[in-house]
There are 2 protein chains.
Amino acid sequence: MPHKTRVTPRKQPKQDRSKMTVDAILTAAAHILTEDGYDTASTNRIAERAGVSIGSLYQYFPNKEAIMTALRERHIDEMAEIVEAAVNQTAQQPIEVALHELVKACVAAHRIDPTLHQVLDEQVPRLNQSSAEAKIILLLREFLVQRHDRIQVQNLELTVFILERTIESLVHAAVIEHPEFLQENQLEEEMTRLLLSFLIRQV
Amino acid sequence: MPHKTRVTPRKQPKQDRSKMTVDAILTAAAHILTEDGYDTASTNRIAERAGVSIGSLYQYFPNKEAIMTALRERHIDEMAEIVEAAVNQTAQQPIEVALHELVKACVAAHRIDPTLHQVLDEQVPRLNQSSAEAKIILLLREFLVQRHDRIQVQNLELTVFILERTIESLVHAAVIEHPEFLQENQLEEEMTRLLLSFLIRQV
DNA sequence: CTACAATATGAGTTATAGCTCACATTATTC
DNA sequence: GAATAATGTGAGCTATAACTCATATTGTAG
């Protein structure tokens, strides 16, 4: 459902010191969320932990929701970088190899900060769309398009949707709730098998 | 992360009128969440919408979180009933048919109240484990065990995990964000194909 | 019909949390 | 070095929201 609260910055940091202030605020927010959960993450506490004044915080973030949105984007951007690197590195490889590397990259991405990831998912309200997630969708579409000769795709958007949702949800749940499935690459192997048997052209 | 706030009822309703009070409170909460989102769902507003006093609300729910937990359980229980009916009705059918019916049942379950489902997922803090979700896991394990002669399973728990996460996340995302994929049973067909090719023994 | 149990009530308390804004400090430009 | 722009400050305001508790009402059992 569309949400109207402004989350774009009140003003953009121009000097190094203000860029560092913004970064300190987001890092402080991440630490508090990770250590004590969303309930304790008041804006006063975030500012104090960042070592800045509450007024500084509100210079760059119009409201608390804007802080959480910026933190979520930063976190997903970091994850997308790992996925993008994997997709680029395996661009010339056959899909069997590339898909396995893709899955492993997603596991690595989720392991950047699994506790923060869990709190962002389970406790922090999600009130607007993420542009960082859209980037991952584009990566996966490119991944499939590069291999259109090997795979059967009738509806590209539907296939991208299935690929992204399946990988994200399995990796997410495994890293956060069932790390035992990740021992000896069990889940990575099964996921690769699941998706290969779905994607590769049946003859 | 373990959470300590009590969410079990302060006391159990015994008479019909108190059971109706509890039901009215949960229904009022669902309506407010669906119409205006979690931010506006104050306990005073929920009580008013339910037509009861704030003191009545706190007789049965120790805190706001307990209301949200009870509502989530009620919602997932309703969904689990549809899935259970489908699993039972197709118990004697081959996996090709049963899996397709299972996927369709999950779509139907998500269509009970998709807006409430979305708000519960995206806005309402999730601070404790759901016993209703565990019920669905048991259903899916039974679904697989009944067909062990047709499918290849090395690690039953891992396969149940993959089945549940894959179905839940794809159906959830489709019903809430991409209903276009559900036209002409596109997604149901693709999901059935994805999971069949993964489950059925390769020879 | 009375006593007791179950249930209901809502004004008021408590406890912050989100955010503002008038003023101070620092960096940059000329 | 002064003027301007950028940045930083924190006491205090505002606005609820979560929850309590002393009292009232209703249902049930004997």
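FYI, side chains are in, hydrogens and waters are out, and symmetry mates aren't considered; it's all heavy atoms of this structure. Chain letters run A, B, ... following the sequence lines, proteins first, then strands; residues in each count from 1.
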Whole-Å distance, B:D39 CG to D:dA17 P, equals 9 Å

Tell me, which of residues 19-30 of chain B have any heavy atom that sits under 4.0 Å from an atom in DNA chain D?
-> none

Rounding to a whole Å, what distance do you find between A:D16:CG and D:dA6:P?
-> 15 Å

Between which nucleotides of DNA chain C, 5' to 3', does chain B make heavy-atom contacts below 4.0 Å?
-> C:dA6 to C:dA11

Is A:Q59 near enough to D:dG8 that one of its side-chain N or O atoms lies under 4.0 angstrom from OP1 or OP2?
-> yes

Would you give me the side-chain donor-acceptor pairs under 3.5 Å for residues 79-93 of chain A, sequence neighbours excluded?
from, atom 1, to, atom 2, distance (Å)
A:N88, ND2, A:E84, O, 3.4
A:T90, OG1, A:A86, O, 2.8

Any side-chain heavy atom of A:R147 within less than 4.5 Å of one from A:L199?
-> no

Gap between atom OG1 of B:T34 and atom CG of B:D113 - 0.5 Å precision = 4.5 Å

Within residues 58-107 of chain B or reaching into it, pairs that qualify as ring-ring contact (aromatic ring centres under 6.0 Å, His included) - sequence neighbours excluded = B:H75-B:H117

So what does B:F61 hit on the nucleic acid, given a heavy-atom distance under 4.0 Å: a base, only sugar-phosphate, or nothing?
-> nothing

B:D77: partners by side-chain hydrogen bond (donor to acceptor under 3.5 Å, both in side chains), with sequence neighbours left out = none

What nitrogen or oxygen pairs link the protein and nucleotides 18-25 of chain D at under 3.5 Å?
from, atom 1, to, atom 2, distance (Å)
D:dA18, OP1, B:K64, NZ, 2.6
D:dA18, OP2, B:T43, N, 2.8
D:dA18, OP2, B:T43, OG1, 3.3
D:dA18, N7, B:N44, ND2, 3.4
D:dC19, OP2, B:Y58, OH, 3.1
D:dC19, OP2, B:K64, N, 2.7

With A:E190 via side-chain contact (heavy atoms from CB on, under 4.5 Å) - residues at least two apart = A:R193, B:L158, B:I162, B:F198

With sequence neighbours excluded, residues passing side-chain hydrogen bond (donor to acceptor under 3.5 Å, both in side chains) with A:Q186 = B:N155

Whole-Å distance between D:dA17 P and B:L57 CG?
-> 15 Å

Taking only residues two or more places apart in sequence, or in another chain, which ones meet A:A50 in a side-chain contact (heavy atoms from CB on, under 4.5 Å)?
-> A:A24, A:I25, A:A28, A:V52

Is there a donor and acceptor pair, one atom on the side chain of A:S53 and one on the base of D:dG10, closer than 3.5 Å?
-> yes

Residue pairs, two or more places apart or on separate chains, that pass ring-ring contact (aromatic ring centres under 6.0 Å, His included) and touch residues 125-168 of chain B = A:H178-B:F161, A:F181-B:F161

side-chain hydrogen bond (donor to acceptor under 3.5 Å, both in side chains) with A:R17: which residues, sequence neighbours excluded?
-> A:Q15

Sorted by chain and number, sequence neighbours left out, side-chain hydrogen bond (donor to acceptor under 3.5 Å, both in side chains) with A:E188 holds for none

Euclidean distance, atom CD of residue A:Q15 to atom P of D:dA6 [Å, nearest integer] = 8 Å

